Each structure stands twice: as structure tokens, then as C-alpha cells.
S.K.: 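The following block contains the structure, expressed as C-alpha cells.
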Amino acid sequence: MVDYSVHGQVAVLEVNNPPVNAFSHNVRVGLDRSIDKAIKDTNVKAIVICGKGRTFPAGADIREFDQPHKEPSLTLVFEKLEKTTKPVVAAIHGTCLGGGLECALFCHYRIAQKTARVGFPEVQIGILPGAAGTQRLPRLTGLHVAMDMITSGRHIFAPEALKYGIIDEMFTGDVINAGIKFAKSVMNKPLEDRCLMNKTVKDADQADQIADEFMSLVKRKYKGFEAPIDCVKAVKASATLPYREGLKMESRLMQKLLLSGQSAAQRYAFFSERAVSRWKMPGGNFQTAKPLPIKSTAVIGAGTMGTGIAVCLLNAGYQVYLLEQNQKFLENGVKTIRGIIEGSVRLGKTPMAVAQKAATLLKPTMKYEDLADVDLVIEAVYENLSLKREIFSKLDKLCKPTTLLCSNTSSLDIDRIGTATKRGDKVAGMHFFAPAYYMRLLENIYSTQTSPTTAATIMDVGRKIGKVSVLVKSCQGFLANRMRGPFAVEAYFLLEEGSTPQEVDSVMENLGMPMGPFKTGDLSGLDIGYKIQTELAKSKGVELSVDSKFLMGERISTLTRTMYDNGRLGRKTGKGWYRYEKPGGKLATPDEEVREIIKDHCKKAGIQRRNISTQEILERLMYSCINEGFKILEEGVAATPEDIDISWIYGFSWPKYLGGPMYYANRIGLDKIYQRICYYHENFPYSSHWIPSRLLLKLSENKVPMSQWCSGTDSKL
Ligand code: 3HC
């Protein structure tokens with residue numbers, strides 16, 4: 001676990017625990033023994049600590065967090081480093097994170113490869129740097145930088161770390177050689193001044209002001225999360241308390257956070273994000289299927305989705321043919337793409353070199369023939385099956401036989417798109433979420449014909465363009481939109497039965513969603529919901545009227561139509577479920593007129609109104625979706641609950657501290673959820689989304705722990 005070697009008078013302690021050299025119990029024991037050995041060896045005059053393989057230790061072993069603690073603790077081991085009279089050098093490469101950076105902060109010197117990154121990402125798993133990180137970093141950088149790094153969890157590259165004094169020197173080339181060379185250069189220098197515990201925090205006199213500033217920032221930016229708040233308190237303590245007292249405060253806050261439900265949920269989300277890349281489908285999986293090389297791509301349609309998708313591909317270095325049917329649309333599309341990339345450069349999110357390269361990779365065209373040799377086409381025209389089938393049939397005829405043809409559809413059947421071609425095995429869905437260049441979820445969809453190689457390739461492209469990709473089986477609405485369907489429908493029913501838009505929205509916002517369903521509706525525009533409903537009814541040969549209450553035996557609400565008829569189209573008209581300060585405004589104010597419209601609508605439709613409790617709102621919005629989630633699992637649309645939870649986190653901004661709806665259901669108790677679903681099914685027999693899932697019944701009856709119905713092991717929960 002720790003390789004020990006002596007080079008002249010320098011002992012090298014190389015942490016060897018692939019893949020990321022995490023400080024597991026065995027590593028702590030190994031490091032402890034190696035430090036003792038180096039201290040005792042009179043020939044050794046300096047010590048170098050580094051990581052074997054791809055990285056310096058990337059932190060404590062998160063998988064051990066749910067197990068009983070075993071000594072020695074990280075702090076106990078690290079303290080030996082600072083106390084020794086031999087200089088200790090941390091030689092950093094790869095990612096020096098969390099406990100790894102804390103280890104380095106106990107060393108007397110830190111040097112790093114130019115490409116190395118350092119940071120304290122603990123906050124992202126709901127904890128704080130609990131091995132003295134909150135007390136030591138401010139003693140090096142001052143409070144401001146430490147507050148920023150610790151509350152955001154952001155990684156910084158070596159040049160920035162050098163600027164803040166976190167590292168003493170940058171190097172290129174071999175880590176061990178650089179470490180030994182540096183160790184030799186400091187061998188006989190006094191160490192008193194190199195021990196961080198002896199130092200004071202330089203901007204301690206501004207502690208109150210800086211802490212207040214960050215406290216209000218984190219409360220706004222990370223609403224609902226507990227860890228950022230405790231991070232601010234702990235870092236402030238570095239300036240207001242003596243070192244040992246500060247450590248006690250850090251330890252108390254760390255224990256509190258570790259026991260909180262939030263950290264467990266965030267750790268589940270961390271592992272789930274990685275688990276979804278281990279996809280499987282009938283006939284193949286991530287291990288058996290290899291991705292095809294993709295160099296050139298094409299995007300069909302230069303609207304909002306098409307341009308967003310093109311930006312993702314261009315930023316990742318793919319050549320992109322952007323195809324539109326007329327010059328004006330094409331020019332607008334190119335302008336939009338340039339605007340997005342330039343904006344991102346201004347915000348410092350995209351390096352100038354990437355933007356310049358992107359400009360050369362973009363090939364606007366109006367000729368389908370230009371797409372003949374591309375490796376991957378992503379069609380992003382509007383949702384119309386016949387149009388998509390027509391495009392796919394055309395592409396099939398003119399593209400080389402190996403080209404993969406994908407559709408950015410949010411709900412249309414991929415099988416029916418695939419049968420328009422003679423290469424169904426190379427047809428799949430790539431469903432991006434708007435805005436495509438920003439939202440991290442990519443829902444990749446396979447049909448009954450899609451080959452595992454095609455799935456492997458689009459999953460690989462997803463990774464390369466920085467998305468969290470989830471693979472699902474084709475069905476109406478796929479995973480994300482299908483599962484969210486009952487949420488939208490129940491929200492309208494609640495209004496009809498007596499709730500107000502703000503009551504419904506605040507229940508979801510209090511749960512941690514950034515926006516409730518009605519504020520979201522106002523943002524997208526109420527005409528969209530109305531048109532979708534009308535089209536759906538038409539496709540079933542039904543003409544809806546304002547007082548229609550059923551469609552093919554299913555309860556429906558025509559409230560959006562009533563709103564539409566009243567000219568309330570959402571933010572764009574300054575009036576929707578809320579009133580706005582102006583058309584296009586953002587400030588949502590509850591509107592008495594809406595209450596009257598709803599009441600009038602209900603009167604006409606003969607719907608009895610009543611008082612609805614907050615608990616009922618929550619249950620009807622969430623339990624209906626959870627029920628659908630279990631049906632999605634039952635039918636194999638999603639392979640694991642992690643696929644579902646990650647889709648909600650990255651597609652619908654579900655708060656990570658609740659771990660995703662399936663995790664949330666497990667925390668509440670599947671038996672309780674099942675009972676309530678049965679209750680609503682009895683009361684609302686005309687809503688098929690309340691028909692209880694058989695899988696949910698089975699799991700709740702047999703009290704199956706989540707570890708057995710998710711893809712990992714107990715240690716993840
Ligand atoms: N503990 C346990 N396993 C870890 C881990 C950790 N700290 N960090 C990564 N892993 C595992 C991942 O789960 C993954 O396992 P899998 O292959 O079975 O899915 C494997 O290592 C590789 O990880 P990635 O797929 O994420 O590899 P990348 O190269 O994309 O990223 C990384 C590497 C940047 C190090 C990223 O893994 C990461 O951010 N890790 C988390 C780092 C972290 O949070 N450190 C703080 C830990 S808490 C701590 O130190 C407490 C201390 O303050 C007391």
C-alpha cells in the first residue's frame with residue numbers, strides 16, 4: 001500500500017492504492033509505518049511523499065465512511081510528518097485532493113507538476129476537510145482563498161496554487177526525481193518556519209466580515225446544503241481560535257455532517273454518477289462492446305437544441321457539419337453558436353484556444369451530400385415522427401455504411417425511426433436537455449435493433465463532451481420525461497382540486513428543487529403544454545374542449561387551455577401562473593386573477609374544490625413519479641435506480657442532498673410509499689400513473705434493502 005525506498009539520503013514513500021491512491025485503512029497503516037521507518041533510519045535526512053501511477057492521493061477512501069472507524073486516523077498519521085526534524089516534501093502529480101491535500105499541508109514543502117490539480121472537494125460529498133484542512137489552508141493562503149476553495153470544492157491547477165502559496169515550486173518530468181532533487185536542496189534548512197500549525201492567518205482581523213460574506217454567498221448559491229455552511233464556520237475558526245481549538249471545532253462539525261442524511265445521499269450520488277457509465281443492454285455492456293472512433297459529426301437543425309449540441313461537439317474537438325434548410329436559418333444558427341462560445345470564453349469557462357479551434361471545426365451547410373462521410377449524425381429537428389423518418393431514410397441512402405444516425409428526440413419511438421433505414425443497428429437516440437451546452441445529462445436510447453457497439457460509441461461521445469450519460473431502452477418518453485409525466489399532470493389536478501400555484505411550487509422548492517412546476521411552466525411558455533395536449537388528443541382522433549375531463553379513459557386537465565384562452569402564456573407575456581413585472585420579466589408574484597380563472601374553470605367543469613395539505617401535495621407530485629420510476633425499472637427501461645437518480649439530478653436539478661427520487665423513496669420506506677400509492681389509486685382510479693408498480697410491491701413486501709436492487713454494494717448507502 002506504501003512503497004518504501006531510499007535514494008542516497010532521501011526516503012521515498014510512494015502511496016500505491018490504485019486507481020486514485022485513496023487513504024484507505026491499509027494505506028494509513030502503511031504510511032504510518034513508513035514514516036516511523038524513515039524517522040528511525042539515521043541515514044535518511046529527508047522524506048518525499050508521492051503517489052504511484054496516475055496521481056497523488058485523491059483523498060480519504062469514501063467507501064469506508066459507512067464502516068466503523070479504524071485507527072490510525074489521518075490526522076494522527078499526518079502529525080508525525082510535521083513533527084519530524086527531517087524535511088518532508090510532498091511531490092504532487094495528478095489530483096491532490098481532500099485528505100491528499102491535507103497530507104501535503106502537513107509536509108514542510110510542496111512541489112507539483114505543472115498539470116497537477118489540488119483542491120478540497122469534500123463539500124461535494126456533504127462533509128468538510130476534516131483532517132485539519134480547514135485550519136491549515138487559511139494559514140497558507142489567508143481566509144478568502146481558503147473559504148472560496150473549501151466552500152466550492154473547486155480544483156485549481158498548479159500555477160494558481162503557486163500564486164496562492166499552496167505549493168512552493170512547479171516541476172516538469174518525473175515525480176520521484178523531482179521530489180528527491182528538491183528534498184536534497186532543503187536538507188539542512190531549519191523547519192520551524194515551515195510548520196503550518198505555528199503560523200497565524202494573515203487576514204484574521206477581517207474574519208467576521210469574510211465569514212459573513214461567504215455565509216450569505218453559500219446560503220444563496222448552495223441553498224439547502226448543510227456542508228457549505230459548516231465549512232464557513234470551520235474556516236472562520238482557523239482565524240478566531242488557537243490551532244488546537246480550531247481542530248476540535250472542525251472535528252465536531254465533521255462528525256455532525258458525517259452523521260447527516262445529506263452526506264450519505266451525496267456520497268450515493270457520487271458513486272451513482274460513476275455507476276451509470278457501467279451500462280448494460282440486451283446483448284452487451286460497457287465491458288464487452290467497444291466504441292467506434294468518431295472524428296467528424298453532423299447536426300441537423302440549427303434551432304435551440306441543434307446549436308447547443310453543436311457547441312458541445314465543437315468544444316470537445318469534433319468536426320461539426322451544421323445543416324439547415326435555408327441560408328437565413330443557417331446564418332442564425334452559426335451566429336448563435338459563436339455567441340455561446342464567445343460568452344463562455346468571456347466567463348473564463350472555455351479557453352481561447354478551444355474557441356479558436358472550434359471556429360475552424362464548424363462547417364455550415366445546406367447540402368445533405370456534405371454529410372456523406374461523417375461518422376455520426378445527430379438530428380435535432382422538431383418533434384415530428386414522419387419528418388424524422390424522412391430525414392433518416394435520406395441519410396441512410398447517402399451516408400457511408402458505418403455512419404451512426406442518432407435523433408435528439410425527447411420521446412419519439414427510436415424503433416420507428418430506425419425502421420426508416422436499413423441500418424437499424426446504427427440508429428439510436430441522443431436526448432440532450434435544454435440548454436444542451438449547459439445541462440449535464442445526456443439520455444442515450446437504444447431500440448430493439450440498436451447494437452451494443454452503437455450504444456458504446458454514443459456513451460463514449462457523451463463522456464468526451466463532458467456529459468453524464470445514461471443508457472435507457474426506448475419507450476414513450478424514455479426515462480426522464482416518462483417518469484416526470486405524472487408530476488406535471490398531478491400539479492394541474494392539485495390546482496383544480498383546491499391548491500394555488502404558489503402552494504404547489506413552494507412544496508417542491510422547500511424540498512430543494514430550484515423551481516416549482518408552475519414557475520417552470522411560465523418559463524417554458526404555457527402555449528407549449530396546451531399544444532402538446534391538443535396534438536396528443538388529435539393523434540388519438542379526439543377534439544378537446546375546455547371542459548373535457550377525460551381522454552381515452554384517463555383523467556386530464558384542460559387548465560392550460562383556459563390560461564391560454566385568457567392570454568396567460570407565461571413570462572413572455574408578463575402573465576402566466578404568476579404575474580411578472582413586465583413581459584419577459586423574472587419576478588414572479590402570485591396573482592388573484594389566476595385564482596379566479598382557476599375557480600371559474602372548476603365551476604364550469606364541475607370540479608369540487610377543497611383544502612389540500614402540504615403533505616398531500618408532496619406525495620401526489622413525488623410518489624406518482626416514484627411509482628413510475630419502479631415501472632421503468634420493472635420494464636428494464638432503466639437498468640438500475642442509479643440511472644433514474646442521476647437523470648433527475650442532472651436533467652431536472654434534483655438536489656443531490658436527497659440522492660435522487662429512488663434513493664429518497666428508500667429513505668422514506670418502500671412500504672409507506674406503496675401504501676400511499678394504493679390510497680391515491682383508490683381515490684383517483686382514472687389516473688393510470690397511480691396503478692401500483694408490481695416491483696414496488698415485491699420489494700416492499702420482501703423488505704429488500706436498496707443495496708440489492710441497485711447496481712452496487714451496501715457500502716454505497
Ligand atoms: N474514495 C474511494 N473511491 C474513490 C475515491 C475516493 N476518494 N475517488 C475516486 N474513487 C473511485 C471512483 O469511485 C472510481 O471507482 P469505479 O471505477 O469503481 O467507479 C475510481 O476511483 C476512479 O474514479 P473516477 O472514475 O472518478 O476517475 P477520474 O479519473 O474521472 O477522476 C478524481 C479522479 C478526480 C480523483 C475523482 O475520482 C474524484 O473527484 N474523486 C473524489 C475525490 C474526493 O472527494 N476526495 C475527498 C475525499 S473525502 C476526504 O478526503 C476526507 C478528508 O478531508 C478527511
Side-chain angles (χ1 to χ4, degrees), residues 1 15 17-28 31 51 53-67 69-70 72-79 92-106 115-137 146 149-157 227 230-231 234-235 247 250-251 253-255 257-258 263-264 266-279 286-287 440 459-460 462-464 466-469 640 642 646 656 710-713 715-716:
M1 289 282 153
V15 177
N17 183 23
V20 299
N21 291 324
F23 282 120
S24 61
H25 175 248
N26 286 341
V27 172
R28 299 199 300 275
L31 187 62
R54 65 194 238 204
T55 184
F56 194 83
D61 189 333
I62 307 169
R63 291 185 199 273
E64 288 184 354
F65 281 16
D66 295 308
Q67 297 161 15
H69 174 70
K70 286 199 227 158
S73 69
L74 279 179
T75 321
L76 218 62
V77 179
F78 296 162
E79 279 187 338
I92 297 166
H93 78 297
T95 41
C96 167
L97 304 173
L101 181 53
E102 287 168 316
C103 173
L105 294 179
F106 275 92
T115 50
R117 285 183 285 154
V118 305
F120 279 128
E122 283 88 340
V123 70
Q124 284 157 7
I125 50 167
I127 55 169
L128 49 73
T134 63
Q135 304 306 298
R136 288 180 166 258
L137 187 64
M149 285 182 65
I150 291 175
T151 58
S152 70
R154 76 185 176 102
H155 303 177
I156 60 171
F157 281 99
D230 288 335
C231 284
V235 176
L247 276 190
E250 177 192 271
S251 169
L253 292 168
M254 176 72 158
Q255 287 316 311
L257 288 172
L258 267 177
S263 173
Q266 285 175 252
R267 280 179 272 139
Y268 163 80
F270 174 87
F271 287 114
S272 297
E273 188 172 329
R274 280 141 187 91
V276 298
S277 63
R278 294 190 283 273
W279 57 271
F286 74 104
Q287 282 167 318
R440 289 205 59 210
M459 289 298 279
D460 190 51
R463 187 180 57 78
K464 288 181 176 150
K467 301 290 177 200
V468 180
S469 307
T640 68
E642 287 102 321
I646 285 300
K656 267 192 190 168
C710 78
S711 61
T713 62
S715 64
K716 290 186 358 184

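As the structure lists them, so they are numbered: ligands from 1, and atoms in each ligand from 1. Since we're looking at a predicted model, the values are computed, not measured.
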S.K.: Could you check if a side-chain atom of Val27 sits within less than 4.5 angstrom of a side-chain atom of Asn21, using non-hydrogen atoms only?
M.R.: no

S.K.: To which of Arg463, Arg117, Arg54 does the heavy atom nearest atom 33 (C) of ligand 1 belong?
M.R.: Arg54

S.K.: Tell me: protein heavy atom nearest atom 7 (N) of ligand 1, and distance?
M.R.: Ala60 O, 2.8 Å

S.K.: For atom 51 (C) of ligand 1, which of Glu273, Glu64, Glu122 has the closest heavy atom?
M.R.: Glu122

S.K.: Taking 4.0 angstrom as the limit, do Glu250 and Arg136 come out as a salt bridge?
M.R.: no

S.K.: Within the distance-only criterion (no hydrogens, no angle test), does the side chain of Glu122 pair as donor or acceptor with the backbone N or O of Gly153 below 3.5 angstrom?
M.R.: no

S.K.: When you measure from atom 45 (N) of ligand 1 to every protein heavy atom, which one gives the shortest distance, and what is it?
M.R.: Ala58 O, 2.9 Å

S.K.: What residues form a side chain to side chain contact (heavy atoms under 4.5 Å, CB included) with Arg117, not counting sequence neighbours?
M.R.: Thr95, His155, Phe157

S.K.: Give the atoms of ligand 1, by number and element, whose distance to some non-hydrogen atom of Gly130 is under 4.0 Å.
M.R.: 53 (O), 54 (C)

S.K.: Counting only N and O atoms by type, is there a donor-acceptor contact under 3.5 Å from the side chain of Ser251 to the main-chain atoms of Leu247?
M.R.: no

S.K.: Tell me: protein heavy atom nearest atom 4 (C) of ligand 1, and distance?
M.R.: Val20 CG2, 4.0 Å

S.K.: Could you identify the single nearest non-hydrogen protein atom to atom 19 (O) of ligand 1 and state the distance to 0.1 Å?
M.R.: Arg278 NH1, 2.8 Å

S.K.: Just by modelled atom types, is the Pro57 backbone N or O under 3.5 Å from a matching donor or acceptor in the Thr55 side chain?
M.R.: no

S.K.: Would you say Ser272's side chain and Ala275's backbone share a donor-acceptor pair under 3.5 angstrom?
M.R.: no

S.K.: Look only at the side chain of Ser263 and the backbone of Ile125, and say whether a donor-acceptor pair between them is shorter than 3.5 Å.
M.R.: yes

S.K.: List the residues meeting salt bridge (charged side-chain N to carboxylate O under 4.0 Å, His left out) with Asp460, not counting sequence neighbours, and say none if there are none.
M.R.: Arg463, Lys464

S.K.: Check for a donor-acceptor pair, side chain of Glu64 on one end and backbone N or O of His69 on the other, with a separation under 3.5 Å.
M.R.: no

S.K.: Identify, by atom number and element, the atoms of ligand 1 in contact range of Glu102, meaning under 4.0 Å from any of its heavy atoms.
M.R.: 52 (C), 53 (O), 54 (C)

S.K.: Minimum distance, heavy atoms only, to atom 2 (C) of ligand 1: which one of Asp61, Thr55, Thr95, Ile127 is it?
M.R.: Asp61

S.K.: Specify whether the nearest protein heavy atom to atom 30 (O) of ligand 1 is under 4.0 angstrom away.
M.R.: no

S.K.: Can you tell which of Arg63, Arg274, Met254 gets a heavy atom nearest to atom 15 (O) of ligand 1?
M.R.: Arg63

S.K.: Keeping Gln135 on the side-chain end and Ala234 on the backbone end, is there a donor-acceptor pair under 3.5 Å?
M.R.: yes

S.K.: Considering only the protein, which heavy-atom contact is closest to atom 34 (C) of ligand 1, and what is its distance?
M.R.: Leu97 CD1, 4.0 Å

S.K.: Given Gly59, Gly98, Pro121, which one has a non-hydrogen atom that is nearest to atom 43 (C) of ligand 1?
M.R.: Pro121

S.K.: Can you sort out which atoms of ligand 1 are near Pro129, meaning under 4.0 Å from one of its heavy atoms?
M.R.: 53 (O)

S.K.: Do ligand 1 and Ile62 have nitrogen or oxygen atoms that lie under 3.5 Å from each other?
M.R.: yes

S.K.: For atom 22 (C) of ligand 1, what's the nearest protein heavy-atom neighbour? Residue, atom name and distance, please.
M.R.: Pro19 CG, 4.0 Å

S.K.: Counting only heavy atoms, tell me which of Phe65, Phe270, Phe271 gets closest to atom 40 (N) of ligand 1.
M.R.: Phe270

